[in-house]
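To keep things clear, I will list the structure first and then write my remarks on it.
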Amino acid sequence: MGIDIAHYHGWNGKLHSPWWGSLSIVRVAMLQVFRRKSYWVVIGLGVLIFILYWSLIYIMTQFEMGARTQTDVFRIFGFSPVPTEDMDNGYVIFMQRESIAVMILLAFSGSLLVGTDFRMGSLTFYLSRRIDRVQYIVGKLLAVSTVVAMMTVLPALVLYVEYGLFTSSTAYWRQNWKLPIAVLSYGAVLCAVLSIWLVTLAAYLQRMAPIAITWSSLFVMCGQLSTFLRESSDNRDWDLLDPWRCMRLVGKLCFGTWQHPGEETRALWALLLLATTCALALAALVRRVRAVEVVT
Amino acid sequence: MKLARAWFTLLMLSFQRLLWSASTLMVLVPLVACALFLVYERYDLGSHDQGTFEETFDDFSTDFMIVVFTLFVIPVCALAYATTSIGGDREDRTLLFLLVRPIPRWLILLAKLMATLPLVLGIVVASFFVFCRLAGPVGREAFVLYLPPVFYMTLAYVCLFHLFAVTFRHSTIVALIYALFMEYFLGNMPGIVKRIAVSFYGRSMMYDLGARHGLSAPDPTWFVPVSAQTAVEALACLSIGGVLLALWIFSVREYRDLT
C-alpha cells in the first residue's frame with residue numbers, strides 16, 4: 001500500500017512536552033509489574049508484613065493494656081509509635097522490615113523494566129519517539145521509585161494515619177508531625193538510591209539471573225559481612241558497608257533520632273558514599289542508553 | 001552412537017554457554033567479597049583475638065561457614081547456573097530447536113544437568129578451598145571436615161533448581177525466593193518444619209562433624225540437628241528425587257511458551 005493511500009500526514013495539533021512521555025513509561029512499567037502473577041507472591045510478602053503491623057497497632061490501641069505491657073509488646077515487634085533514645089521511629093523500622101520483599105521485587109523488576117528494553121530492542125523504539133534519553137532514564141527511574149514507594153512509604157504513612165485515627169484524637173498527629181517527614185525523607189533516599197543503582201545494573205547486565213545475583217550480594221551479603229566486621233572490631237563505621245544501613249543513616253539526617261554516638265558523622269559519610277556511587281551510576285547509565293548499539 | 005555424540009555435543013555447548021555468561025562474572029562479586037572479608041578478619045591462630053584453636057574454629061564455622069557460605073554463597077552459585085541452563089533456553093525461545101531434534105527429552109535435561117553440575121561444583125569447591133586457605137589452620141581443618149556437606153548441598157540445590165526450571169516459567173524468581181526467603185524463614189522456625197529446607201541438612205552435617213573440633217552446638221530451642229548420616233541420606237534423596245521428578249515433568253509437559 002502506498003503511503004499516499006494510507007493518508008499519512010503530519011500532526012497538526014498542539015504537541016505536549018516530551019516529559020509527559022516519562023509518565024507514560026511509568027504507567028506501562030506499572031502494568032508490566034502487576035501483570036506478572038509471580039510478582040504478586042513477592043508483593044504478598046510485603047502485604048503480610050503490613051498486615052502484621054496494622055494488626056499490632058489495632059490491638060495496642062483498642063484493647064485495654066497497661067503501659068508496661070504495651071511497651072513490652074511494641075519492643076518484641078520492634079515498633080515504637082514515638083521514637084525514643086532506645087528505639088527508632090516505628091514506621092521507619094516497618095520500612096526496613098519490608099526491605100527483603102523490596103529487594104527481591106526489584107531484582108526481578110530490573111530485568112523486566114530495563115533489561116528487556118536492551119535485549120529485545122525496545123530502547124530503539126522508545127528513542128525513535130519524541131522523547132530523548134533523559135526522559136527515558138527519568139521515566140525508568142520514576143517507575144522503579146514508584147514500586148519502592150508503594151511497598152514502603154505508602155504503607156508506612158497508612159500506619160501513621162491508622163495510629164492517629166485509633167487514638168480518637170488529633171493529639172498524636174499534632175505532637176508527632178515530624179514522623180511522616182522522617183518517613184518521607186527516608187523513602188526519598190530509598191527511591192533515589194535503589195532506582196539509580198537498579199536501572200544502571202539492569203542496563204548493563206540485562207538478564208534476570210546476573211541482576212539477581214549482584215543485587216542480592218549487595219543487599220544481603222554485604223549486610224551480613226558488615227554485621228560480623230562491626231561485632232568483631234567493635235567499630236560501627238563498618239555500618240557503611242551495608243547499603244540498607246547507609247540509606248537509613250542518610251534518611252535520619254531529616255528529623256531522625258540518633259541512637260548511637262558518632263551516628264551523625266557516619267550519616268554524613270554515608271551521604272557522601274551514596275551520592276558518589278549514584279553519580280557514577282548515573283554517568284554510566286547515560287553512556288549506556290543509546291538509540292543505536294555502537295560496535296567498536 | 002549418533003545419539004551419544006549428539007548428547008555430548010549438547011552437553012559441551014551448554015557448558016560453554018553457561019561458563020561464558022554474565023552469571024560467571026557476577027558470581028565473582030560475592031566470592032571476592034568473601035575473600036576480602038577473610039583477609040581482613042584473619043582467622044589464623046595467633047593473630048586472631050580469641051586465642052584457642054577451638055574458639056577460632058567455632059567463630060569461623062559459625063560466622064563464615066554456616067551464615068555466609070552455606071546460607072548464601074552455595075545457593076547463589078547454584079541459582080546462577082541451574083536456573084539458566086534450561087531456563088535460559090526457555091527465555092531465549094531456543095528450547096524449541098532442542099526439542100525438535102531426535103533426542104529424547106529426558107536426555108536433553110540430563111545433558112543440561114551434567115553441564116551445570118561440574119561448573120557449579122567446581123566454582124563452589126574451588127572457592128571453598130581458597131577461603132579455607134585464607135583462614136589459616138582452622139580453614140585447613142574446616143576444608144577436610146566440611147567438604148562433604150558443601151558437596152551434598154551443592155548437588156541438592158542444583159537438582160532442585162533444575163526442577164524449578166522445568167516446572168516454572170520464571171524459575172529464577174522462584175529459586176531466589178526459595179533460596180533467600182524460604183530457606184532462611186523455614187530454617188529459623190522452631191519445630192520440624194525446617195526439615196524441608198536444604199540448608200537444614202547442610203548445617204546439621206556441619207554441627208555433627210565440627211562438634212569434635214570445637215564447633216558449639218546450636219540452641220536446642222530453635223535448632224535440633226539430625227546426624228550427619230541422616231543428613232547425607234536426606235540430601236541424596238532430595239537430589240535424586242528432584243532429578244527424577246524434573247525428568248518426568250520435562251518428558252511429559254507441553255510447553256506453550258516456546259515461540
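Please read all numbers here as calculations on a predicted model, not as lab measurements.
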[X] versus chain B, the contacting section by heavy-atom distance below 4.5 Å:
| X | result |
| --- | --- |
| Ile211(A) | neither |
| Tyr204(A) | neither |
| Trp215(A) | neither |

* Heavy atoms of other groups near Phe34(A) CZ, more than 12 under 6.0 Å -> yes
* Asked: Should the heavy atoms of other residues, nucleotides or ligands under 6.0 Å from CG of Asn235(A) be counted, would the total exceed 12?
  ->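 Atom CG in Asn235(A) is packed in, count exceeds 12.
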* **Closest non-hydrogen atom pair, Ala80(B) against Ala209(A)** =>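 The pair with the smallest heavy-atom distance is O-CB, 4.4 Å.
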* Anything under 30° is parallel, anything over 60° is perpendicular, the rest tilted; go ahead and classify Phe228(A) against Phe37(B). =>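 Geometry flag for Phe37(B) against Phe228(A): tilted rings.
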* Among Gln224(A), Arg36(A), Gln206(A), Glu231(A), residue most engaged with chain B (heavy-atom pairs, under 4.5 Å) -> Arg36(A)
* Looking at Leu45(A), Leu241(A), Leu218(A), which has the largest count of heavy-atom pairs under 4.5 Å with chain B? ->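 Ranked by heavy-atom pairs under 4.5 Å with chain B, first place is Leu45(A).
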* So do the side chains of Ile213(A) and Val29(B) get within less than 4.5 Å of each other, counting heavy atoms only? ->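 The answer is no, as the side chains (C-beta and beyond) never meet within the 4.5 Å cut-off.
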* To do: For the residue pair Met221(A) and Cys34(B), establish whether any side-chain heavy-atom pair is separated by less than 4.5 Å.
  => yes
[X] side, atom [atom1]; [Y] side, atom [atom2] - distance, nearest 0.5 Å:
| X | Y | atom1 | atom2 | answer |
| --- | --- | --- | --- | --- |
| Met26(B) | Leu205(A) | CE | CG | 4.5 Å |
| Ser216(A) | Leu79(B) | OG | CG | 7.5 Å |
| Ser23(B) | Met208(A) | OG | CE | 12.0 Å |
| Leu112(A) | His170(B) | CG | NE2 | 8.5 Å |

* Asked: For the candidates Val68(B), Val73(B), Val174(B), Thr84(B), which exhibits the highest count of non-hydrogen atom pairs separated by less than 4.5 Å from chain A?
  -> Val68(B)
* Which residues from residues 96-110 of chain A are near chain B, with near meaning under 4.5 Å between non-hydrogen atoms? ->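 Near chain B, by residue number: Ile100(A), Met103(A), Ile104(A), Ala107(A), Phe108(A).
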* Where on Phe168(B) is there a heavy atom nearer than 4.5 Å to chain A: the side chain, the backbone, both, or neither? -> neither
